[in-house]
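Worksheet for the structure shown next.
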Amino acid sequence: MAAGTSNYWEDLRKQARQLENELDLKLVSFSKLCTSYSHSSARDGRRDRYSSDTTPLLNGSSQDRMFETMAIEIEQLLARLTGVNDKMAEYTNSAGVPSLNAALMHTLQRHRDILQDYTHEFHKTKANFMAIRERENLMGSVRKDIESYKSGSGINNRRTELFLKEHDHLRNSDRLIEETISIAMATKENMTSQRGMLKSIHSKMNTLANRFPAVNSLIQRINLRKRRDSLILGGVIGICTILLLLYAFH
């Protein structure tokens, strides 16, 4: 029976590791897809700016389909890995060998941490991709409106160039805002870390301050005893001196 349960646990661990490896590869490919989407969108924007054809700003329909497919696959892998982790949790709760529970719980917690990291990375990459796509769609709509307005009303090239320059300024401003936000987030993390350090120092200082009254009381007792001993010694010396003087004069 113990061998059977051990084999069941090992099977669950193998399934978890296999799913984690698949998720790792999928997330790397998913991140590369988002990065290539951003770069291709930027290249399409520059090509449209210097050409007069009617090529759309975003020629990423195939990338959109790949994104949706990969997102579904990753969500399915995350769901499967969650199910395996749940089975591992059930096994640890019903395991009949208490001495092994600590090791099993440690292994289970490690797999849960990996699942949480992969889930966080997936949602973060997906949110970045959606933000890039929405921004590029908005910019593409603006560019199309400019081109349509130019061809329909016969605006001269000078005014069109001004519109395009203004569009570039907006893109640059958006990039600067993103960089500023990244710097602010890094600063926030550093400040949070420093606040934790200061709290730890403050706690240690309070502990020392609570101990100081007892130390001060002990020092005061020692000083009082020294002072008493000094007074007694001084009195004995004085009496002896007086007796010697009386003896000398008599």
Side-chain angles (χ1 to χ4, degrees), residues 2 4-39 41 60 63-136 177-203:
T5 57
S6 177
N7 291 334
Y8 177 69
W9 174 258
E10 290 299 326
D11 290 340
L12 291 177
R13 288 189 62 188
K14 289 180 181 179
Q15 293 178 25
R17 286 196 295 267
Q18 182 179 359
L19 290 172
E20 288 168 359
N21 292 332
E22 293 180 10
L23 275 169
D24 186 63
L25 295 175
K26 288 287 185 181
L27 288 172
V28 171
S29 301
F30 194 61
S31 178
K32 289 182 179 179
L33 175 63
C34 296
T35 304
S36 63
Y37 185 91
S38 177
H39 291 170
S41 298
Q63 288 180 318
D64 291 340
R65 288 193 296 270
M66 290 178 61
F67 168 79
E68 298 294 340
T69 301
M70 293 185 68
I72 292 174
E73 292 176 354
I74 293 173
E75 288 175 350
Q76 291 175 349
L77 289 173
L78 289 173
R80 290 172 58 189
L81 183 57
T82 301
V84 172
N85 284 346
D86 292 340
K87 291 180 181 179
M88 293 173 72
E90 292 177 358
Y91 176 82
T92 56
N93 292 331
S94 61
V97 185
S99 60
L100 297 179
N101 281 346
L104 298 181
M105 291 299 297
H106 177 74
T107 302
L108 174 60
Q109 185 60 41
R110 183 167 58 85
H111 286 293
R112 282 178 172 175
D113 292 339
I114 294 173
L115 173 60
Q116 184 177 3
D117 292 339
Y118 283 159
T119 304
H120 176 72
E121 182 179 354
F122 168 66
H123 289 302
K124 181 180 178 181
T125 304
K126 184 177 180 181
N128 290 337
F129 183 90
M130 298 298 293
I132 292 171
R133 186 167 63 180
E134 290 178 1
R135 184 173 64 249
E136 293 301 332
I177 290 172
E178 290 181 353
E179 293 177 355
T180 303
I181 292 174
S182 299
I183 294 172
M185 293 298 294
T187 303
K188 179 183 177 182
E189 292 178 357
N190 291 331
M191 293 183 67
T192 302
S193 176
Q194 292 178 5
R195 183 176 63 181
M197 293 176 62
L198 290 175
K199 283 184 177 179
S200 178
I201 294 172
H202 182 69
S203 177

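Any value given below was found using the heavy atoms of this structure, including those in side chains, with hydrogens, waters and symmetry copies removed.
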Subject >> Nearest heavy-atom neighbours spanning V84 and L12 >> reply: CG1-O, 3.5 Å
Original post:
Got M130 and F67 here, is their nearest side-chain heavy-atom distance under 4.5 Å?
Top reply: yes
**OP:** For side chain to side chain contact (heavy atoms under 4.5 Å, CB included), just list the numbers for R135 and I132, CA-CA rounded to whole Å, side-chain angles, deciding distance to a tenth of an Å, and then say yes or no.
**Re:** CA-CA 5 Å; R135 184 173 64 249; I132 292 171; 3.8 Å; yes
Original post:
Does E20 offer a backbone N or O that forms a donor-acceptor pair with the side chain of D24 under 3.5 Å?
Top reply: no
Original post:
Could you state the interatomic distance from CE (M191) to OG1 (T187), rounded to the nearest 0.5 Å?
Top reply: 8.0 Å
Original post:
Do Q18 and E22 come close enough that some side-chain heavy atom pair is under 4.5 Å?
Top reply: yes
Original post:
Between F30 and F129, is the ring centre distance below 6.0 Å?
Top reply: no
**OP:** State, without any angle test, whether Q194 and N190 hold a side-chain donor-acceptor pair at a distance under 3.5 Å.
**Re:** no
Subject >> Rounded distance [0.5 Å steps], NE2 in H111 versus CG in L19 >> reply: 10.5 Å
Original post:
Which distance, rounded to the nearest 0.5 Å, do you find between the NZ of K14 and the CG of N7?
Top reply: 8.5 Å
Original post:
Does atom CZ of R13 have more than 12 heavy-atom neighbours, drawn from other residues, nucleotides or ligands, at distances under 6.0 Å?
Top reply: yes
Original post:
Where do M88 and T92 land on the side chain to side chain contact (heavy atoms under 4.5 Å, CB included) test, with the steps shown first?
Top reply: CA-CA 6 Å; M88 293 173 72; T92 56; 5.6 Å; no
Original post:
So, does T69 use its side chain to make a donor-acceptor pair with the main chain of R65 at under 3.5 Å?
Top reply: yes
Original post:
Step by step, would you call L115 with R112 a side chain to side chain contact (heavy atoms under 4.5 Å, CB included)?
Top reply: CA-CA 5 Å; L115 173 60; R112 282 178 172 175; 5.5 Å; no
**OP:** Indicate the atoms forming the closest heavy-atom contact of T125 with C34, along with that distance.
**Re:** CG2-SG, 3.5 Å
Original post:
In Å and rounded to the nearest 0.5 Å, what is the CG to NZ distance from D11 to K87?
Top reply: 10.5 Å
Original post:
With side chains defined as the heavy atoms from C-beta onward, is the minimum distance between I74 and L78 less than 4.5 Å?
Top reply: yes
Original post:
Do L108 and Y91 have side-chain heavy atoms sitting under 4.5 Å apart?
Top reply: no
Original post:
Could you state the interatomic distance from CE (M70) to CZ (F122), rounded to the nearest 0.5 Å?
Top reply: 9.5 Å
**OP:** Output yes when K126 and E68 qualify as a salt bridge under the 4.0 Å nitrogen-oxygen rule, no when they do not.
**Re:** no
Original post:
Nearest 0.5 Å, what's the NZ-CZ distance between K188 and R195?
Top reply: 9.0 Å
Original post:
Just one of L77, D113, L27 clears the side chain to side chain contact (heavy atoms under 4.5 Å, CB included) bar with Y118, so which one?
Top reply: L27
